[in-house]
Number of protein chains: 2
Amino acid sequence: MKPRLLIADDHTLFNEGVKQLISDHYNIVGQVFDGKDVLIMAMVTRPDVILLDINLPSINGFDLAIELRKSFETIKIIFVSMYTEPRFIEQSKQLKVDGYLLKNSTKEELILGIDNVLNGGNYYDPKLNQLRPNLHHDDFFVKQFSLTPREVEIIRMIKNGMNTGEIAEKLFLGLETVKTHRKNIYYKLSITKSTELIKFALENNI
Amino acid sequence: MKPRLLIADDHTLFNEGVKQLISDHYNIVGQVFDGKDVLIMAMVTRPDVILLDINLPSINGFDLAIELRKSFETIKIIFVSMYTEPRFIEQSKQLKVDGYLLKNSTKEELILGIDNVLNGGNYYDPKLNQLRPNLHHDDFFVKQFSLTPREVEIIRMIKNGMNTGEIAEKLFLGLETVKTHRKNIYYKLSITKSTELIKFALENNI
DNA sequence: CAGGCAATCCCCCTTTCGGGGTATTTTATC
DNA sequence: GATAAAATACCCCGAAAGGGGGATTGCCTG
């Protein structure tokens, strides 16, 4: 009897593609494309394991993991994401998510991960441990504007509503240092105001 | 004879999944996972069409499109991306890229797009044109926070990067009037900074 | 007509931003 | 060990934003 598997990813092609790829190994009991459908679908199909995208519409993967854990003791949860941010990994481990796979994995790695988790183990993609913090290999925007990791970090904090002083305090930096970073960011992005920065950050998912 | 197709996407699972999905319809002559391999692979396999991710390692999709156009007159290029940024669409059209598909398309849309392009046409995902117009949302937003028409007008202008002085000038108002409106807006939304206002506005489609 | 609301305008004051510099130390890379 | 890139820090200055108060006009509605 093949293990029962539910796929939750809003990228239809990816979702469908993964299904095709591994339907020899697993019984794909459901596919959902929106966060709000995951819980109901889990209820209906009772999968052994859920492949869960983190960046889902309506409800994100983290919130879903919390809810799934509440309602379904035995369902294994595996995140499948393109994000390698350490804070994502951290949060996943805190939520006792069973696995974390990257979207640039191979079919073999995917199956290896799922099988490991089904056998009661954990599987966090080995590539996650060899990453330099805050360096986003596959972030087109960061490359396009040659932003440094520190600059991206500060952009995120500005996006989250922090001002220069708060950022300096949080990062244990001098006020002037953060000001310098801001100036460099503005220069690189050819902008002049924090409001433009917010727009840039939100529109580019930084 | 099935059309020859090359897939370029660094997300192995996606790349592989798409291959599985459409290998009935097309002859998948190659798969690459890094920007630097695209040109050589195009040379070797001579595909009719390339499905090209924009956010590739080493060389991004735009630069590749330029190079491909130079070296291979007849190869059709279709971007397959998760990004809906208008400036991406613009740039794609300027580069005379034949198609632009979204990663949350269905298998059917994918095939429709590829076939259109193979028949000499263009195919830009219809969803790209209907991004935005959602009057329900901002209605809700306006009601929820009981914003006046004038306030909404000013929020839009702030979102578009204008400062208090520019807004005053444009609306033939005194500086202090606009400042007062800003204060009232901040009070109603329980925020303190323009950056938070931008987030509110963008996230609620104001 | 009274009360509420929207829209307009003003003063005072402090903090934060944005733009112009310059300079030192770490880190990575060749 | 030289070089380049990144990260750190400081100075000066004016402009803009933010926060507190108050006030007037007009308009609609009960």
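Note that the structure is a prediction, hence the values are computed from the model and not measured. Letters A, B, ... are given to chains in the order of the sequence lines, protein chains preceding strands, and every chain is numbered from 1.
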Look at [X] and [N] and indicate whether a side-chain polar atom (N or O) is within less than 4.0 Å of OP1 or OP2.
| X | N | value |
| --- | --- | --- |
| T164(A) | dC17(C) | yes |
| T148(A) | dA7(D) | yes |
| R182(B) | dA16(D) | no |
| Y186(B) | dG18(D) | yes |
| H181(B) | dT8(C) | yes |

Would you kindly give the [atom1]-to-[atom2] distance between [X] and [N], to the nearest whole Å?
| X | N | atom1 | atom2 | answer |
| --- | --- | --- | --- | --- |
| E196(A) | dA16(D) | CD | C1' | 14 Å |
| L175(A) | dC17(C) | CG | C1' | 11 Å |
| I185(A) | dG19(C) | CD1 | C1' | 15 Å |
| K188(A) | dA7(D) | NZ | C1' | 11 Å |
| I167(B) | dA17(D) | CD1 | P | 8 Å |
| N184(B) | dC10(C) | CG | C1' | 15 Å |
| N163(B) | dG18(D) | CG | C1' | 14 Å |
| M162(B) | dA17(D) | CE | C1' | 16 Å |

Measure centre to centre between the rings of Y100(A) and Y123(A), then say whether the value is under 6.0 Å.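 No, ring centres 6.0 Å or more apart.
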
Side chains of L56(A) and V38(A): closer than 4.5 Å at any heavy-atom pair? yes

If we only count heavy atoms from C-beta on, is the L102(A) to M82(A) side-chain gap below 4.5 Å?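 They are not in contact (no side-chain heavy atoms under 4.5 Å apart), so the answer is no.
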
Any donor-acceptor pair under 3.5 Å between the side chain of [X] and the base of [N]?
| X | N | result |
| --- | --- | --- |
| K193(A) | dG18(C) | no |
| S194(A) | dC17(C) | no |
| K179(B) | dG18(D) | yes |

Check every atom of [options] against the side chain of [X] and return the nucleotide holding the closest atom.
| X | options | answer |
| --- | --- | --- |
| T177(B) | dT16(C), dT8(C), dA7(D) | dT8(C) |
| E176(B) | dA7(C), dC9(C), dA17(D) | dC9(C) |
| K183(A) | dT16(C), dA9(D), dC11(D) | dC11(D) |
| T192(B) | dG19(D), dT16(C), dA16(D) | dG19(D) |

Can K103(A) be said to sit on top of F14(A)'s aromatic six-ring, NZ or CZ under 6.0 Å from centre and within 45° of the ring axis?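 K103(A) over F14(A) ring: yes.
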
Report the distance from atom CZ of R182(A) to atom CD1 of I155(A), rounding to the nearest 0.5 Å. 10.5 Å

Pick base, sugar-phosphate or nothing for L173(B), based on heavy-atom distances below 4.0 Å to the nucleic acid. sugar-phosphate

So, R4(B) versus T45(B): side-chain donor-acceptor pair below 3.5 Å or not?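 No donor-acceptor contact under 3.5 Å links the two side chains.
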
DNA chain C: 5'-proximal contact among G174(B) and G165(A) (nearest heavy atom): G174(B)

